[in-house]
Amino acid sequence: HTIDYPSLISNVIEGPFKNTNLNIEFIEEEPIKTKVSINADVKISLKYSMLSPIISRLYKGIITGLIYKMTNSILRNDVT
């Protein structure tokens, strides 16, 4: 992972998603609003290529869940 605010870059180095790149960018729009832009270049090995539509949907769901979890964590920390 490479963290260079306002972006986070993640590369998968092994497994069925080897060479997959994920770029998450945080863009401040207003003092209290941040837009999160996610660009994923998903590489699936030939062995799993038939499942690529299902895997792509699942990957989107996992990333969305991760963003929700980050948001909830931040909101909980702001309250306390």
Side-chain angles (χ1 to χ4, degrees):
H1 305 288
T2 305
I3 301 172
D4 185 23
Y5 187 78
S7 66
L8 177 122
I9 299 169
S10 181
N11 302 313
V12 179
I13 56 173
E14 111 180 47
F17 298 110
K18 185 176 181 177
N19 296 325
T20 293
N21 298 315
L22 182 67
N23 185 7
I24 303 174
E25 190 172 355
F26 302 93
I27 305 161
E28 290 187 37
E29 292 188 336
E30 294 178 17
I32 59 169
K33 282 189 176 182
T34 301
K35 179 180 178 180
V36 179
S37 173
I38 301 171
N39 185 9
D41 181 21
V42 180
K43 309 275 189 193
I44 301 172
S45 66
L46 187 60
K47 189 176 178 180
Y48 299 99
S49 63
M50 289 180 54
L51 299 173
S52 65
I54 295 168
I55 292 170
S56 293
R57 274 184 278 157
L58 289 173
Y59 202 70
K60 263 188 196 180
I62 290 168
I63 299 301
T64 302
L66 177 67
I67 296 300
Y68 283 141
K69 189 171 184 173
M70 288 170 54
T71 302
N72 287 335
S73 177
I74 291 168
L75 290 175
R76 268 188 260 127
N77 286 338
D78 282 348
V79 170
T80 56

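Just so you know, these numbers use all the heavy atoms, side chains as well, and skip hydrogens, waters and symmetry mates.
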Check the surroundings of atom CD in Glu29: do more than 12 heavy atoms from other residues, nucleotides or ligands lie under 6.0 Å from it? yes
Would you kindly confirm whether Met50 and Val42 end up in one hydrophobic cluster when ILVMFWY residues are joined by side chain heavy atoms under 4.5 Å apart? no
With sequence neighbours excluded, residues passing side-chain contact (heavy atoms from CB on, under 4.5 Å) with Asn11: Ile9, Asn21
If you compare all heavy atoms of Thr34 against all heavy atoms of Phe26, which two are closest, and at what distance to 0.1 Å? CG2-CB, 4.0 Å
Compare all side-chain heavy atoms of Ile67 with those of Ile38 and state whether any distance is below 4.5 angstrom. yes
Taking all non-hydrogen atoms of both residues, which atom of Ala40 and which atom of Leu22 are closest, and how far apart? CB-CD1, 3.7 Å
At their closest point, which heavy atom of Ile27 faces which heavy atom of Ser37, and how far apart are they? CD1-CB, 4.4 Å
Can you tell me how far the CG atom of Asn19 sits from the CD1 atom of Ile44, to the nearest 0.5 Å? 12.5 Å
side-chain contact (heavy atoms from CB on, under 4.5 Å) partners for Lys47, two or more places apart: Ser45
Distance, nearest 0.5 Å, that separates OG1 of Thr64 from NZ of Lys69: 14.5 Å
Are Ile62 and Tyr48 linked, directly or through intermediate hydrophobic residues, by side-chain heavy-atom contacts shorter than 4.5 Å (ILVMFWY only)? no
